[in-house]
Amino acid sequence: QYVYAISNRNLYTASSKTNQAYLKKLWLHSLASAYTAQTTTAHLKINPKIDPFTFGLLHDIGKLILLEIIGELAAGNEAFKNIQPHALDALLLQLHCKFGAILLKRWKFPQRIVDIALYHENISKAPAITKELTIANFSSTLANSIGYAMSKRDQEASMETSETVAMLKLSPDDIEQISTSVKEQVNTFNTMI
């Protein structure tokens, strides 16, 4: 996991200074989501068909690609250099799932990971709500709620209203244990590199 996370970390470096702050937030959110997915599956004694660390780390890969595209456009266009944070947040929210799914499909990832990228924001639109998809949604929401959010909208999302908390039958104590473990794991990783 450490080797995979370290090698994946290199994807989150900006070719443009415009998006460095977003990329740092995205990296921390992705790492926290990966640890949450792994910790949650262990806590619930679920044996997923795909590696939870991997699908947690890659669920928002579409945001990474969009930020790179915007960074490249900003190099030659003033309008993109001064894009407002709320406009960037809206663009990322609207397009990242489709972009991520297309990218993962091109990279020949299993369909379950492609579906996680495509449906993790709105699992009710998925053709099948798998345990992995449910955990990916929960992992992203939990990562946001414990301080690894990309935007104010994400940070304000409430764990109490998360449908996946009920689907996974997680108690407030379960959520607290998972949260504590994830924070420790992210801190340990960050001190290693």
Same cluster or not: are [X] and [Y] linked, directly or through other Ile, Leu, Val, Met, Phe, Trp or Tyr residues, by side-chain heavy atoms under 4.5 angstrom apart?
X: Leu23; Y: Leu95; result: yes
X: Leu103; Y: Phe99; result: yes
X: Ile69; Y: Ile102; result: no
X: Leu93; Y: Leu88; result: no
X: Leu91; Y: Leu67; result: yes

Using the side-chain contact (heavy atoms from CB on, under 4.5 Å) criterion, which residues pair with [X]? Sequence neighbours excluded.
X: Gln111; result: Lys105, Val114, Asp115
X: Leu118; result: Lys98, Ala101
X: Gln84; result: His86, Ala87
X: Ala37; result: Pro52, Phe55, Ile135, Ser139

Got a sec, which residues hit side-chain hydrogen bond (donor to acceptor under 3.5 Å, both in side chains) with [X], two or more places apart in sequence or on another chain?
X: Glu121; result: His96
X: Thr40; result: none
X: Asn122; result: Ser124
X: Asp174; result: His43, Ser171

Measuring from [X]:[atom1] to [Y]:[atom2], what's the distance to the nearest 0.5 Å?
X: Ile61; Y: Trp107; atom1: CD1; atom2: CH2; result: 4.5 Å
X: Lys63; Y: Leu26; atom1: NZ; atom2: CG; result: 7.0 Å
X: Tyr35; Y: Ile146; atom1: OH; atom2: CD1; result: 12.5 Å

Quick one: does [X]'s side chain get under 4.5 Å of [Y]'s, heavy atoms only?
X: Lys49; Y: Thr130; value: no
X: Pro127; Y: Tyr119; value: yes
X: Thr164; Y: Leu133; value: no
X: Leu57; Y: Trp27; value: yes
X: Leu170; Y: Ile178; value: yes
X: Met150; Y: Asp89; value: no
X: Val165; Y: Thr141; value: no
X: Ile50; Y: Ile116; value: yes

How close do [X] and [Y] get, counting heavy atoms only, and between which atoms?
X: Ala32; Y: Val182; answer: O-CG1, 3.7 Å
X: Ile113; Y: Phe109; answer: CD1-CD2, 3.9 Å
X: Ser162; Y: Asn137; answer: OG-OD1, 4.2 Å
X: Thr41; Y: Pro48; answer: CG2-CG, 4.0 Å
X: Ile175; Y: Leu142; answer: CG2-CD1, 3.8 Å

Salt bridge (Lys or Arg N to Asp or Glu O under 4.0 Å) partners of residues 176-192, not counting sequence neighbours, each pair once: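 As it turns out, there is no salt bridge (Lys or Arg N to Asp or Glu O under 4.0 Å) pair with a partner in residues 176-192 once direct neighbours are skipped.
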Salt bridge (Lys or Arg N to Asp or Glu O under 4.0 Å) contacts in which one or both residues fall within residues 123-148, not counting sequence neighbours: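 Of all non-adjacent pairs touching residues 123-148, those that pass salt bridge (Lys or Arg N to Asp or Glu O under 4.0 Å) are Arg112-Glu132.
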Parallel, tilted or perpendicular, as decided by the 30° and 60° cut-offs, for the rings of His59 and His120: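 Perpendicular.
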Test item: Asp51 side-chain N/O and Thr54 main-chain N/O as donor-acceptor pair under 3.5 Å: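 Yes, Asp51 side chain to Thr54 backbone: donor-acceptor pair under 3.5 Å.
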Side chain His29, main chain Ala149, donor-acceptor under 3.5 Å: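 No; zero donor-acceptor contacts below 3.5 Å.
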